[in-house]
Amino acid sequence: VSGYLYASLSELADYNAGTVSWDRAITALRAARPTDPQFARSIGATVTYWVTRPVDMVRPELTAHRRYRTLLRPLGGSVDVVVAPIDRLTAVSEYDDQNDVELFTGPGRALRLQAGSVLLVDLDEAWAVVRPADGDAGAAGALAVVRLTPDAEPARPRQPSGDAALPWGGDVAVAS
Amino acid sequence: MSHPWRDATRTGVGRLAGHAYVFGYDDVAAALRGAREGSQGFVPLSGEWDFRYYDSPLRMPATDVQAGATADGWSAVTVPHVWQADGFGAWQYTDERYAFPNDFPAVPALNPTGVYRRWVRLPEAQPGEQRILRFDGAEACCEVWVNGRPVGWSTGSRLAAEYDITDVAVPGDNLIAVRLTQYASSSYLEGQDMWSSAGIFRDVYTYTRPATRLDDVVVDTTMDDADGAHLAVAVRASGAAAVRWWVQADERRRLLEGAAPVVDGDARIEVDVPSVRWWHPEHPELYTLVLEPCDAAGRVSQHVPVRFGFRDVRIEDGLLLLNRRYVELHGVNRHDADPTRGRAVTMDRVRAELLLMKRHNINAVRTSHYPNDPRFYALCDELGLLVVAETDLETHGMEVIGAPNRLAEDPALEPIFVDRIERHVAAQRNHPSIVAWSLGNEAGWGRNFAAMYRRCKELDPVRPVLYEEDRDASTVDIVSTMYSRVSQMDDFGRHPHSKPRFLVEYAHAMGNGPGGLADYQAVFDAYPSIQGHFVWEWSDHAVDVGGAGAPAYRYGGDFGDDPNNGNFCIDGLVFPSLEPSPGLVEYAQVICPVRVREVPGSPDTVRIVNRRYDSDLGDVALVVTDECDGVPARQARVPATAVPAREQAELVIAGWQDVRRGEDVAPDGEWHRTVRVVVVEPTAFSEPEAEIGRFQWPIASPVPAAADVARTPAIGGLAEPQVVTEQACVRVEAAGHVWSFDTVTGSLASLTRDGRPIISRGPAARLWRPLIDNHADVAARLWTANLLHLRIESCDSFEWRRAGDAVVVEARASVAPPSVDFGLRCVYRWEIAADGGARLDLDAVPYGTYRDLVPALGLDMQVPAGLGRIEYFGYGPGENYPDSRTAATLGRYRTTAAALATPYVVPQDHGVRGGTRWVAHLDQDGAGLLVRSDVPLEWSTWLHDASTIQATRHRDELPAPGPNLTVNLDAAVLGLGSASFGAEVGEAYRIRLSPYRLGLELATFGGHGAPTLDAALASTAGKAAGRALEAEVR
């Protein structure tokens, strides 16, 4: 199983609040609004975040980061994503220090992120936004993206949360 | 009882309002010279003062400031100074913490205090004349008496304070007295990362202003759509009916002139100028505006010069424009710091620093974290440096207690906050070099900053304002962050703000580093919205306790100061002596305003890219050198060509000249083209032919391959090596060489040739190099607990055999730290030839589970200190590491072991030269040891061994170099990064514990009957080529 899923921001906070970096990440997610201008902000050097349209995040490969964990939170509408451990994937690009991106293809776990839920993608995982799940309404929705410093404590185990994420097809292949 | 130093509601009493830093002169010639010493009534008060030191201001007898004070107990000090530098009180260095209890606005009762007295002879005042007493900087709370009468007090240590002493001064001798406390309530707003010190640290002087006088002036210039200028001058005057004015363009020419009436004390000049020379850091053109207030009869009372530049700053479409063109600020953060004088820097030093910046392609400086001496800005105007002018405000100590916004949000403190920007802007706003105001540093966020912003805009509606703690630039005009990592900056660039972005601090230059500058710059260059970046920081702040002898630099904790932040203040691009560090050399190359690239398929052409913002390249020439194996073979000069700003061109290289050193070049050698970019003519900051950057790339040999290349014939007739076995020792003797192996450790113990020592300790694998400051975090997490710095070797087997006319020695050994379950399994295979040369193949394979970061993968050995002359073919000439190698070019360099010892204040790993194909250590007679590697090495040679360097905390405490040099031959070393505060080492420059191999040819040379270095090079090259051929055949 890849990807940490939290039904809500509160659940994320319940499990991870209490360190500077995680508190900043939670603050960022709490502050993010669907109507925010789409520029990247930061809290200290540990958290970067922005709000964007899910449709603008769609790309054919899975993206992995070696330096920053990724938190995704739909702010309106739901979003279909794929997440996978990178050791099951095929790298299709060199790791790039300048953007902390390494691209992969291969099979992954398909998830539907409901509005308000939070997906944490760890450093040994890759992710891809497949599409907004709600058609036109979803396309108009917003997705908060948080990049969290590797200095943060590893995420604490969370309980499975069947309500937040709905598998919509089990493992799928991305651009393989 | 209320005391000024405990008064948190005011910033002063009796202090005059801030105004432009200008002086009046009696005649035009003096006005145009602009030396303040020649201004009206100017009397310098810097120099010798009587000084008394108390542990509390309350211990000062009232008589200290009276004329009749006893002469007992006074010392003489020279102002400006900080009294710690004169032996009073104690130095203390803290980064974030206050050095006193955090109980705003309380101040400790024991509060170091200095009392200053000085007599000054003053002439009788003219009717209506004002006499002003001015302090350019005094820390922290400064009370002033003249002839025993209080004239006022002020806080705001790095903001000037002026007092009108007309009514208390007398013709003849006057006593100026000052009481200065080190701490005050204002100290909570001055918690910058710097030495805590106190004193009158900038100049003190008095001057006069006549009855008809200019009180203030504000000069503003804008550029119209046709590059024409609009000049707007607002004058505040007393007793004047009109102000005559002119603009002096140069020594002989007046550009403009006119007169403006004074109405209710105000006069205004507005004029359009169709053609001017615009001020830009690339061409800092200055004019002088001379203002002459006149009374109703037309009598001119003074001539007031204002040096200014026509310069337009604005933000349009989210971009900062200078003269309506795009610009980026390639900057540094600069503190006032001098190793012997603390904050009381001399203007000679300031000028030297600014010249050094200019010589290293820096075009911007942030005055972290306070206003500078008023003359600093004039120097930036003159030399061409853009200034982010920060005011004196930091409350970092509040963040330490978890209340970063406490003071910023306190409405009662709004006047205190506003005062700090008001005095700053009022004084400096006529300087063209200032492109942005900064409201302070790390002082939280709150309503008081919004008030500061409003006041700043009232005083200067034009210039943008920044303040990093306004994280999203909800109020300020430029969004800024600190220490954002490379990929974060990429995020910011991909998702840009609607306002320009600065990275106001990054690349923490503590000790050896910073690394990764080129990666940062690649991201800055990719996104126009990222318009400013400022390395932290310009200079180490050390205290030199060496006296008249050799420097002995000290840092936090060395004075018994507690709390302290140790050597966190030793974090500059220049050493305390102002010697550039390797980090500065790297930065200069990374931000070089000219780039040169090869043109694929066109060997006689280069592409030149002009990255300047407002100047062509008509002053720049290229010196092109083709080098074979690092030796110049031919050279050409590409003359200056006026490639416009932000454009590029292809230039033809012609007129090659042979510059061989006599030997034939090898067509099959390793060829590179090196292009040096030089500024042909001298400038205000550089000599003729000053190099501003260099570029290099591999090229095909321009020399036709010979049909049959003559090879050095193998030396025949040599006796095969002799092997002598003794107790725990095997000696292999060949052609005067004795290779002695310790069969217990399995290692080479020594090499001698004709009885002279060549190797003192043989090569041994290891994982450690002395810790650099930028690796402290990773060391704490990974290395210290695993005792990586300790090396225990165990020999598993040792054997020797003959192989043809050579002797092969093979040792299998383990190298590991104590107590841990990982390390290296090593095979050392030596092949010693009849000519006495040898080849070492080291095959190192890790065992155990640790596969994380290590400082190095390689080996070290020792050679006699007498072999301290060095020649090598690798990257140079300066120190370079994998993530700090932009400034280095491959070449054949000569140096010495002493010259390789980079003078880091805290001894640490240093001196690496990457890409090293071979290195030779020579004695004074030119004899020595050559090591040639199969693959490029990360090589360094130290005067001391690793453990000595690691254990020594101050450079001056390093013991005298011992009998041996330590030679490090690494397959890889970890990049530097800047994680002492900020960016970790980039992934591309990380090395983890993994298998590695080294293949080295070792040969001696020089001396009686032995080959020269060049012959040894040819011989070892032949052997290497032979091995490559053998490998190919196999």
Side-chain angles (χ1 to χ4, degrees), chain A residues 18-21 23-25 27-28 31-33 35-53 56-57 59 63-71 86 91 93-102 123-124 142-154, chain B residues 318 399 402 404 442 468-474 479-499 501 503 505-506 508 515-516 518-527 529-530 777-778 781 883 975 977-979 981-990:
Chain A
T19 64
V20 170
S21 298
D23 287 351
R24 286 174 170 174
T27 298
R33 295 285 179 273
T35 54
D36 280 350
Q38 297 184 0
F39 64 82
R41 307 153 190 253
S42 65
I43 304 178
T46 52
V47 165
T48 316
Y49 68 106
W50 61 92
V51 175
T52 187
R53 297 189 314 159
D56 292 337
M57 298 292 286
R59 65 182 305 160
T63 301
H65 307 285
R66 295 191 188 178
R67 313 301 288 275
Y68 285 82
R69 297 183 172 92
T70 304
L71 291 157
I86 56 174
S93 78
E94 294 281 319
Y95 173 78
D96 187 345
D97 264 313
Q98 289 177 11
N99 55 19
D100 186 31
V101 164
E102 190 172 13
L123 298 179
D124 55 358
L143 181 66
V145 181
V146 171
R147 304 193 68 208
L148 174 62
T149 180
D151 296 339
E153 292 291 315
Chain B
E399 187 175 332
E442 295 175 326
E468 183 264 345
E469 299 278 329
D470 182 6
R471 300 224 177 257
D472 299 331
S474 60
V479 61
S480 59
T481 58
M482 294 178 178
Y483 302 104
S484 304
R485 309 303 199 262
V486 172
S487 71
Q488 283 186 298
M489 295 309 296
D490 190 79
D491 288 336
F492 292 139
R494 287 178 193 275
H495 307 279
H497 200 287
S498 59
K499 299 178 179 179
R501 177 176 291 278
L503 183 59
E505 293 179 18
Y506 80 113
H508 199 256
D519 296 304
Y520 265 111
Q521 196 63 39
V523 172
F524 302 153
D525 291 344
Y527 302 106
S529 61
I530 303 173
D777 181 58
V778 67
R781 284 190 295 112
D883 59 350
S978 57
F981 201 87
E984 304 77 14
V985 177
E987 193 67 30
Y989 316 108
R990 292 182 167 209

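All figures in this text were calculated on a predicted structure; none of them were measured in a lab. Naming convention: chains lettered A, B, ... in sequence-line order (proteins, then strands); numbering from 1 in each chain.
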On a heavy-atom basis, the closest approach of Gln488(B) and Gly44(A) is NE2-O, 4.5 Å
Of all heavy-atom pairs between Ala31(A) and Tyr49(A), which one has the smallest distance, and what is that distance? CB-OH, 4.4 Å
Inspect the surroundings of CD in Glu94(A) and state if more than 12 heavy atoms from other residues, nucleotides or ligands are less than 6.0 Å away. no
[X] versus chain B, heavy atoms under 4.5 Å apart: side chain, backbone, both or neither?
X        : answer
Arg41(A) : both
Gln38(A) : backbone
Val47(A) : backbone

Cationic N near anionic O, under 4.0 Å, Asp97(A) to Arg67(A): yes
Can a salt bridge be assigned to the pair Asp100(A) and Arg485(B) using a cut-off of 4.0 Å between side-chain N and carboxylate O? no
Among Asp491(B), Thr481(B), Asp490(B), who wins on heavy-atom pairs under 4.5 Å with chain A? Asp491(B)
Measuring heavy-atom distances to chain A, does Arg990(B) have an atom under 4.5 Å in its side chain, in its backbone, in both, or in neither? side chain
